[in-house]
Amino acid sequence: MSENAKQHAREACEYDVIVVGAGFGGLYALHKLRSEGYSVRVLEAGEAIGGTWYWNRYPGARCDIESFQYSYSFSDEIQQEWEWSELYAAQPEILRYINYVADKLDLRRDIELNTQVVAATFDDIEKKWHVVTRAGELLVAPFCVMASGCLSVPLSLSLKGLEAFEGQVYRTFNWPEGGVDLAGKRVGLIGTGSSGIQATPRLAEQADHLTVFQRTPNFSIPAHNRKMEQKYARDWKKAYRERRLQALETKSLILLNAGLKPGSAVTREERQEEFEARWAVGGFGFMNMFTDISTNKEVNDHVAEFVRSKIVEIVRDPVTADKLCPKDYPIGSKRICVDTDYFQTFNRPNVKLVDIQTDPIVTVTPTGVRTQSAEHQFNVLVLATGFDAMTGAMLRIDITGVGGQKLKDKWAEGPRTYLGMAISGFPNMFLITGPGSPSVLSNMVTAVELHVDWIAKCIAYLKQNEYVAVEAEHQAEEKWVARVNELGNGTLIPKGKNSWYMGANVPGKPRVILPFLGGAANYAKICEEIANDRYSGFRFI
Ligand code: FAD
Ligand code: N01
């Protein structure tokens, strides 16, 4: 496209591609598609770029995949230039990294901040998407890339009495920029998922007193985070290319030294040795030590028993330790957590655990929280209550496809996609890490790159063959949804308690398996084969 044509497109609010969201996904989509000569406009609801890492600024927020892996792989220059200061970078550092990438690639000029997309309608005659923002601006483009995030819509918790609370209420999802001074404060934290588990030790250090309200105890593995060692960094940078390629061959797109044997093939003593060795290393490698942890109940029970034994070993008060032990769901069926001193924090004299399964919250009062058995006084309440995951951001936009079909109607019983990237009846709309893809079970930065690269190739194919639109075929989508369900049902995931993998954390949300459980490497191969097979399952117009 010539400079003149690009200028014209901008004035008329017409682009080749509209991208929704400026997190890892939207930013890479902008870079990739712009490099291929398309005019691209990114629309971002937030005041700044970064997505997850702009919003989630709570104390303790950091990635749980090593930073050398949880980062873009598409540019070796970026890989070599950026210096990570810790094994698992904290949120401010990840946000700095994202901003550095945006500056280096001159991305900002094509991003509109403070711009929430509220509607998108496909004009079947023009074959273009009409995208409307909250301010009423209309943008038109043949292609729409939805990089709106899997964990970008916080759950709105309806907690009785919350509006009457006279202290401050903060959400981990949009913790104030610049932080909160908790010195001398009595803090109550609701939620013990990854966010709550990361925040607990930091809140306990800063506050006068912390009470953690736990509904479901979680399995958590120590991160053993540390300052980056120079030799470790040098080794990574030297071997980056081959390590990235190796990671692409794994089921989670992460190099974790995954075990090749099933736990069922070794004795309990051998397993125990492996558990200890993996616990000492920490991180997600623990869940990848055997191939059958997510499918074999006996092996899964043994791993869970080991983690419980560690909790009991760490937490000095036996009653608190017992409450912290997850007992009634398989390990890994709720998203596993990775922590720094979470269980240790309950040994501090200023920290208390309240099990709201046995002592439910009755109401928030002006001065705290009343449970069935006690009054708890607080100055500050922190909500770490999770997200409307994988479908929330898409369904908050009024999306209308061919023949006036609404996405919210199509997805009323659960999301239906082809490859987690396309939706039948919604041509030229692509999802980044959508439901039906393995995204959230993998290194999401790499998952995002795989999707963007695939989408760019698909659009190039369409252009080369002088088509104007591409759409997932209904049959192909049906088969894909059936495959996602079948794979999921072969695992222990459906047994998870209130797991967002199943939509079960959101009242009223259909209970269906959201991610593809066949492994990310297999999935990437399927996507590649489909592309090589002239996009089988897609219809070009
Ligand atoms: P996001 O980063 O969520 O960005 C989506 C953007 O779209 C947001 O900025 C949002 O404001 C915007 N948006 C949404 N709807 C609209 C709309 N209608 N109009 C305009 N803009 C809109 N994954 C890992 O693999 N490893 C980790 O260690 C890890 N840590 C995490 C820690 C936290 C606290 C959370 C919440 C998630 C974590 N994740 C992790 C998952 C993380 O979401 C992804 O890794 C990744 O950052 C997602 O990038 P994204 O661009 O797809 O989505
Ligand atoms: O959310 P969650 P999250 N009353 O849904 C509780 C990624 N992430 O923000 O389990 C009382 O896991 C709820 O209880 P229960 C990662 O993918 C990664 O923590 O439903 N409690 C649960 O304890 C993660 O999985 C990192 O019984 C209520 C908690 O709130 C995903 O984001 C860090 C409640 C919500 O936990 C989401 O994590 C952070 C109610 N009404 C996030 N409603 C890393 O470490 C909910 N809860 C990289």
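Each ligand, and each atom within it, is numbered from 1 in the order the structure gives. When reading the values below, keep in mind they use all heavy atoms of this one structure, side chains included, and skip hydrogens, waters and symmetry mates.
Side-chain contact of T371 with D359: a donor-acceptor pair under 3.5 Å is present, judged by distance alone. Judged purely by distance below 3.5 Å, without hydrogens or angles, the side chains of Q79 and S71 never pair a donor atom with an acceptor atom. Donor-acceptor pairing under 3.5 Å is lacking for the side chains of R134 and N114. Neither side chain, Q214 nor D355, offers a donor N or O lying under 3.5 Å from an acceptor on the other.
Of the charged side-chain nitrogens involved, at least one lies within less than 4.0 Å of a carboxylate oxygen, so that K128 and E14 count as a salt-bridged pair. The residues D64 and R335 are annotated as salt-bridged, a charged nitrogen and a carboxylate oxygen being separated by less than 4.0 angstrom.
Seen from the ring of Y100, R96 does not count as a face-on cation partner, given the 6.0 Å and 45° thresholds.
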Under 3.5 Å: N or O atoms of ligand 1 paired with protein N or O:
unit_1   : atom_1 : unit_2 : atom_2 : d
ligand 1 : 2 (O)  : T52    : N      : 2.7
ligand 1 : 2 (O)  : T52    : OG1    : 3.2
ligand 1 : 3 (O)  : T52    : OG1    : 3.4
ligand 1 : 9 (O)  : E44    : OE1    : 2.7
ligand 1 : 9 (O)  : E44    : OE2    : 3.0
ligand 1 : 9 (O)  : W55    : NE1    : 3.4
ligand 1 : 11 (O) : E44    : OE2    : 2.7
ligand 1 : 11 (O) : W55    : NE1    : 3.1
ligand 1 : 18 (N) : V117   : O      : 3.0
ligand 1 : 19 (N) : V117   : N      : 2.8
ligand 1 : 21 (N) : A45    : N      : 3.0
ligand 1 : 25 (O) : S442   : O      : 3.4
ligand 1 : 25 (O) : M444   : N      : 2.9
ligand 1 : 28 (O) : D64    : N      : 2.7
ligand 1 : 28 (O) : D64    : OD1    : 2.9
ligand 1 : 43 (O) : T52    : OG1    : 2.7
ligand 1 : 45 (O) : Y70    : OH     : 2.5
ligand 1 : 47 (O) : Y70    : OH     : 3.2
ligand 1 : 51 (O) : F24    : N      : 3.1
ligand 1 : 51 (O) : G25    : N      : 2.8

For ligand 2, run through the N/O pairs with the protein that fall under 3.5 Å and put one pair on each line.
unit_1   : atom_1 : unit_2 : atom_2 : d
ligand 2 : 9 (O)  : S195   : OG     : 2.7
ligand 2 : 10 (O) : T216   : OG1    : 3.4
ligand 2 : 10 (O) : K334   : NZ     : 2.7
ligand 2 : 17 (O) : R335   : NE     : 3.2
ligand 2 : 19 (O) : S194   : N      : 3.0
ligand 2 : 19 (O) : S195   : N      : 2.8
ligand 2 : 19 (O) : S195   : OG     : 3.3
ligand 2 : 20 (O) : R215   : NH2    : 2.9
ligand 2 : 20 (O) : N498   : ND2    : 3.2
ligand 2 : 23 (O) : T192   : N      : 2.8
ligand 2 : 23 (O) : G193   : N      : 3.4
ligand 2 : 25 (O) : W500   : NE1    : 2.8
ligand 2 : 27 (O) : R215   : NE     : 2.9
ligand 2 : 27 (O) : T216   : OG1    : 2.5
ligand 2 : 27 (O) : N498   : ND2    : 3.0
ligand 2 : 30 (O) : A384   : O      : 3.3
ligand 2 : 45 (O) : D64    : OD2    : 3.4
ligand 2 : 45 (O) : Q198   : NE2    : 2.9

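Distance check: N257 CG to T250 OG1 gives 12.0 Å after rounding to the nearest 0.5 Å.
In the displayed structure, R171 atom CZ is contacted under 6.0 Å by at most 12 heavy atoms of other residues, nucleotides or ligands.
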